[in-house]
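Below is one structure, written out as structure tokens; comments come after it.
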Number of protein chains: 2
Amino acid sequence: MPKQVDHDERRRQLTEALLRIASTRGLQAVSMREIAAEAEVSLRVVQYYFTNKQALLESGLTELGARMDRRVRQRAAAAAGELTPRGVLAAVLGAILPSDEQSRLDSLAWTAYYTAALTDPALAATGLTLPNALEDFLTARLTTAQQAGDIDPDRDPRTEVAALLALANGLTSSVLSRQRSHEAAAAIVDYHLDRLFGPRATLRPSLD
Amino acid sequence: MPKQVDHDERRRQLTEALLRIASTRGLQAVSMREIAAEAEVSLRVVQYYFTNKQALLESGLTELGARMDRRVRQRAAAAAGELTPRGVLAAVLGAILPSDEQSRLDSLAWTAYYTAALTDPALAATGLTLPNALEDFLTARLTTAQQAGDIDPDRDPRTEVAALLALANGLTSSVLSRQRSHEAAAAIVDYHLDRLFGPRATLRPSLD
DNA sequence: TCTTAATGGATACAGTCGTATCCTAACCGA
DNA sequence: TCGGTTAGGATACGACTGTATCCATTAAGA
């Protein structure tokens with residue numbers, strides 16, 4: 001293999017450059033030329049590996065989704081034996097809140113995409129499937145937890161999950177604007193999980 | 001006094017045109033020429049009443065804040081004699097959630113501004129003061145409510161207010177993306193207010 | 001009535017945007 | 001060794017951006 005700097009590797013580098021710009025200077029600052037400069041390649045190279053700006057933007061959104069997925073799995077793995085329903089919820093909600101610099105940047109980019117999708121139907125299709133899938137998944141887990149008697153029978157799992165996800169999103173927004181620290185946001189989430197699952201040992205998020 | 005088509009009236013028309021574009025096509029679709037077209041005036045008129053695009057954008061943000069303020073007061077007035085702490089909270093949270101087409105458009109524009117402010121320090125100063133002021137105000141009300149014995153003494157007013165505001169923001173986001181209806185979001189908010197204030201008569205938001 | 005300031009139409013300017021084209025190299029299998 | 005594909009440099013095109021300038025019209029104060 002001669003030329004072969006690897007097609008996919010190149011695309012990954014460019015996508016990362018795109019996300020770096022989107023998270024620090026916003027999605028409107030993303031242009032073909034800016035990406036080329038950020039990745040230290042020529043404009044032609046960006047055009048070569050992505051036919052469109054549209055294709056480039058979609059690649060960025062896909063990568064963000066993959067990173068989020070990776071973070072959730074990491075937390076689930078870190079919780080080790082604690083595969084309790086509460087452990088799953090804590091892992092997902094903990095993965096949503098920006099905890100370190102990288103997840104903060106990713107959240108900023110994600111917010112930028114989400115906002116753009118609200119007025120751009122092209123992005124809406126790609127971007128809004130993840131939240132729905134998450135809600136369905138968590139609701140299923142919480143329903144079995146309720147059947148096992150782990151939470152009050154008068155709670156509605158779907159409503160509880162919707163509220164927790166909305167809470168995490170709202171808290172994320174306040175963390176991104178530096179209204180609140182990550183720790184303060186995580187404490188609020190824990191508090192609500194305690195209320196939901198009743199008095200029992202708290203799973204510590206154990207972040208940085 | 002010269003021509004007197006009223007300077008302020010003209011500026012208001014242009015600001016409204018700006019917000020109409022921002023809420024339907026996004027903040028990146030806002031240009032001097034687009035505003036001129038939307039307001040059915042010439043480009044020169046837009047330039048005449050606003051020195052900068054920056055000044056125009058700031059005017060839009062100020063107007064959005066004023067509208068939100070108006071909506072909160074309207075709900076507070078509609079709650080009439082119900083000036084209980086819970087009534088105040090219900091009014092504010094109900095005003096945050098998009099309930100009709102106009103408030104939906106305003107929320108979309110607000111979200112666009114908020115996202116832009118995350119990466120544009122110029123907007124951050126103007127835009128992020130309102131949420132903080134709201135949180136302080138509501139915390140004060142909830143604290144006196146706690147001293148009067150209306151809520152559990154082991155609740156932390158600041159945390160509760162922060163959680164409710166974050167919840168409302170997260171729900172707003174899901175309403176905007178049509179993941180959830182306004183009614184579903186309002187029900188979740190009511191549910192949490194019930195939990196906070198204990199079993200008592202619920203203030204009905206009475207929104208179409 | 002004359003002057004002057006307010007108002008706004010028409011046009012221009014220098015950038016930046018996404019995209020397209022032209023032209024080298026370098027490497028492949030045949 | 002010879003096409004042919006892959007990879008990328010250089011440049012150009014038309015559209016759009018914010019802003020500035022030139023000019024005409026109008027109304028109010030003197």
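Keep in mind that what you see is a predicted model, and the values were worked out from it rather than measured. These numbers come from the heavy atoms of this one structure, side chains and all, not from hydrogens, waters or symmetry mates. Proteins come first, then strands; the chains are lettered A, B, ... in the order of their sequence lines, and each starts at number 1.
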Step-by-step side chain to side chain donor-acceptor pair (under 3.5 Å) determination, Ser177(B) to Tyr114(A): CA-CA 9 Å; Ser177(B) 66; Tyr114(A) 196 92; 2.9 Å; yes
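- Looking at heavy-atom distances under 4.0 Å, Val30(A) makes contact with sugar-phosphate atoms alone, never a base.
- Regarding Leu14(B), its CG atom lies at a distance of 13 Å from the P atom of dT7(C), rounded to whole Å.
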Gln146(A) vs Asp150(A), side chain to side chain donor-acceptor pair (under 3.5 Å): CA-CA, chis, key distance, verdict: CA-CA 5 Å; Gln146(A) 191 177 43; Asp150(A) 284 342; over 6 Å; no
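- Residue Glu34(A) places its side chain closer to dC17(C) than to any other of dG18(D), dC17(C), dT19(C).
- Side-chain N/O atoms of Ser31(A) include none lying less than 4.0 angstrom from OP1 or OP2 on dT16(C).
- Rounded to whole Å, the distance from CG on Asp8(B) to P on dT7(C) is 11 Å.
- Dashed line: the shortest gap from a side-chain N or O of Asn52(B) to OP1 or OP2 of dG18(D) is not under 4.0 Å.
- In this entry the distance linking CD of Gln54(B) with C1' of dG18(D) reads 12 Å, nearest Å.
- Closest contact between the side chain of Tyr49(A) and the listed nucleotides dT19(C), dA7(D), dT19(D) involves dA7(D).
- dG8(D) atom C1' lies 11 Å from atom CD of Gln47(A), rounded to whole Å.
- Annotation: Arg195(A), atom CZ; neighbour count of heavy atoms from other residues, nucleotides and ligands within 6.0 Å is above 12.
- Put simply, CD on Gln28(B) is 15 Å from P on dC16(D), counting in whole angstrom units.
- Comparing Met32(A) and Arg44(A) along DNA chain C, the residue whose closest nucleotide (by nearest heavy atom) sits nearer the 5' end is Met32(A).
- Relative to the side chain of Arg33(A), the nucleotides dC17(C), dG18(D), dG8(C) differ in distance, and dC17(C) lies closest.
- With a 4.5 Å cut-off on side-chain heavy atoms, Arg141(B) and Leu89(B) do not count as touching.
- Applying the 4.0 Å criterion to OP1 and OP2 of dG8(C), one finds that Ser42(B) has every side-chain N and O outside that range.
- A salt bridge links Arg12(A) with Glu9(A); the closest basic N to acidic carboxylate O contact falls under 4.0 Å.
- Here the P atom of nucleotide dT6(D) and the CG atom of Asp6(A) are 15 Å apart, to the nearest Å.
- Between the P atom of dC17(C) and the CD1 atom of Ile35(A) lies a distance of 11 Å, rounded to the nearest Å.
- Comparing Leu43(A) and Tyr48(A) by the nucleotide of DNA chain D that holds the closest heavy atom to each, the one mapping nearer the 5' end is Tyr48(A).
- Between Ile21(A) atom CD1 and dC17(C) atom C1' the separation is 14 Å, expressed in whole Å.
- Of the candidate nucleotides dG9(D), dG8(C), dA20(C), dG8(C) has the atom nearest to the side chain of Val45(B).
- Contact annotation: Arg10(A) side-chain N/O to dG8(D) OP1/OP2 distance is under 4.0 Å.
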